[in-house]
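Predicted model only: the values in this text are computed from it and were never measured. Excluded from the calculations below are hydrogen atoms, water molecules and symmetry mates; all remaining heavy atoms, backbone and side chain alike, are included.
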Amino acid sequence: MARNAEKAMTTLARWRAAQLADQGKGLQERRPFLASECSDLPKAEKWRMQIIREIAKKVAQIQNAGLGEFRIRDLNDDINKLLREKGHWEVRIKELGGPDYSRVGPKMLDHEGKEVPGNRGYKYFGAAKDLPGVRELFEQEPPPAPRKTRAELMQNIDADYYGYRDDDDGILVPLEVEQEKIALAVAIEEWRLKKKSLISEDKIEQEENIYAVTTEDLDENEELSVVDKDEEEEEGLPRFIAHVPVPSQKEIEEALVQQKKVEILQKYASEHLQQEGEEAKTLLAPQA
């Protein structure tokens with residue numbers, strides 16, 4: 001009995017070893033370095049699925065932020081390398097008559113369901129998105145504030161906007177008046193001091209009163225009218241003379257009447273009557 005049992009165990013052991021050997025041969029088969037070297041569509045599909053499993057494994061590993069910056073960068077580089085290799089196999093599958101996975105395949109999403117960010121084909125996964133220099137690369141600027149329309153801008157514009165009611169508070173005007181008086185007093189005082197200093201140094205003579213009337217002016221302007229002469233003498237005020245001929249009240253009235261006559265003649269008399277009147281005046285002028 002023992003001999004038969006040992007034979008059975010030996011047979012079973014040999015069969016099991018043969019089975020493991022067959023499986024080992026399949027596992028030892030390596031993926032071709034170039035996708036163009038594969039001419040069998042099922043094998044190309046198998047290599048593509050193998051790459052996808054490797055990508056999934058590395059994506060799960062890169063989620064751990066405690067791996068360190070260098071390890072995370074290496075894993076991210078490996079994932080991008082596998083993605084490029086997967087693209088080569090998808091192109092080869094299409095050449096061999098298989099489906100076009102680049103068109104019907106799903107988009108690459110992260111664990112939050114968002115599309116994986118990247119720049120120029122290089123994508124970042126998991127903790128690689130939080131590496132120094134990467135976070136700033138994908139920060140989006142806030143959208144610009146919407147521009148207001150002209151009507152919205154004019155809603156808050158009133159008289160205060162143009163400064164029309166700045167003086168209504170009753171504070172600014174008294175302060176300006178006070179400062180104006182101070183500035184005027186200072187300017188007058190400076191002028192007086194300057195004038196005294198110049199007079200003391202004999203640089204200028206005393207100012208002449210241009211309104212004073214001398215006897216020579218009265219002799220030269222005897223025919224000129226004197227304005228309110230009697231009143232000025234009674235009140236003791238200085239006398240002023242008019243340097244131009246001033247018409248009297250009677251002369252002004254005669255001029256107004258003559259002007260009114262001319263306006264009435266121009267309004268109601270024809271040109272023929274006006275011409276006859278002028279001829280009559282010229283004929284009667286020598287007799288007068």
Side-chain angles (χ1 to χ4, degrees), residues 148-199 201-288:
K148 293 184 178 180
T149 61
R150 188 176 183 85
E152 293 175 348
L153 293 174
M154 297 296 292
Q155 286 179 354
N156 299 324
I157 294 180
D158 52 7
D160 293 333
Y161 177 81
Y162 296 100
Y164 290 148
R165 292 190 294 210
D166 290 347
D167 302 337
D168 294 350
D169 53 2
I171 299 176
L172 185 61
V173 173
L175 294 176
E176 289 181 349
V177 172
E178 183 179 356
Q179 293 297 324
E180 184 179 358
K181 290 180 180 178
I182 295 173
L184 183 60
V186 171
I188 292 174
E189 187 65 23
E190 291 179 354
W191 176 78
R192 288 177 178 175
L193 293 174
K194 185 177 180 181
K195 182 180 178 182
K196 288 180 180 179
S197 63
L198 293 176
I199 292 174
E201 296 175 1
D202 296 334
K203 291 185 177 180
I204 60 172
E205 299 178 355
Q206 291 289 342
E207 292 185 359
E208 182 181 359
N209 187 3
I210 61 175
Y211 298 104
V213 179
T214 61
T215 55
E216 296 178 358
D217 294 335
L218 292 175
D219 294 339
E220 294 176 359
N221 301 284
E222 291 179 354
E223 298 181 357
L224 299 179
S225 61
V226 179
V227 181
D228 297 334
K229 177 179 178 182
D230 298 335
E231 295 180 359
E232 291 175 356
E233 290 179 353
E234 291 177 0
E235 296 178 359
L237 299 175
R239 297 173 59 189
F240 297 95
I241 63 173
H243 296 277
V244 294
V246 179
S248 62
Q249 186 68 23
K250 185 177 180 181
E251 292 175 349
I252 293 173
E253 291 177 357
E254 291 178 356
L256 292 174
V257 171
Q258 185 65 26
Q259 182 179 0
K260 195 67 176 177
K261 287 181 180 180
V262 172
E263 291 177 356
I264 292 173
L265 287 173
Q266 291 178 354
K267 184 175 181 180
Y268 296 103
S270 61
E271 295 181 358
H272 181 66
L273 292 176
Q274 293 179 13
Q275 187 176 1
E276 290 181 352
E278 293 293 335
E279 293 176 355
K281 288 181 181 180
T282 53
L283 293 174
L284 295 174
Q287 297 177 1

When rounded to the nearest 0.5 angstrom, what is the spacing between [atom1] in [X] and [atom2] in [Y]?
X	Y	atom1	atom2	result
Glu251	Gln249	CD	CD	10.5 Å
Lys260	Glu263	NZ	CD	5.5 Å
Tyr162	Ile157	OH	CD1	5.0 Å

Note to self: How about CD on Glu180, more than 12 heavy atoms from neighbouring residues, nucleotides or ligands closer than 6.0 Å, or not?
What the structure shows: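 It does not: Glu180 CD has 12 such atoms or fewer within range.
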
Next item on the list: Could I get the full list of side chain to side chain contact (heavy atoms under 4.5 Å, CB included) partners for Lys261, not counting sequence neighbours?
Entry: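 If we apply the side chain to side chain contact (heavy atoms under 4.5 Å, CB included) test to Lys261, skipping adjacent residues, the hits are Val257, Gln258.
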
Notebook entry, point to check: If every non-hydrogen atom of Ile171 is compared with every non-hydrogen atom of Leu175, which pair is closest and at what distance?
Noted result: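 Nearest heavy atoms, Ile171 then Leu175: O-CG, 3.3 Å.
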
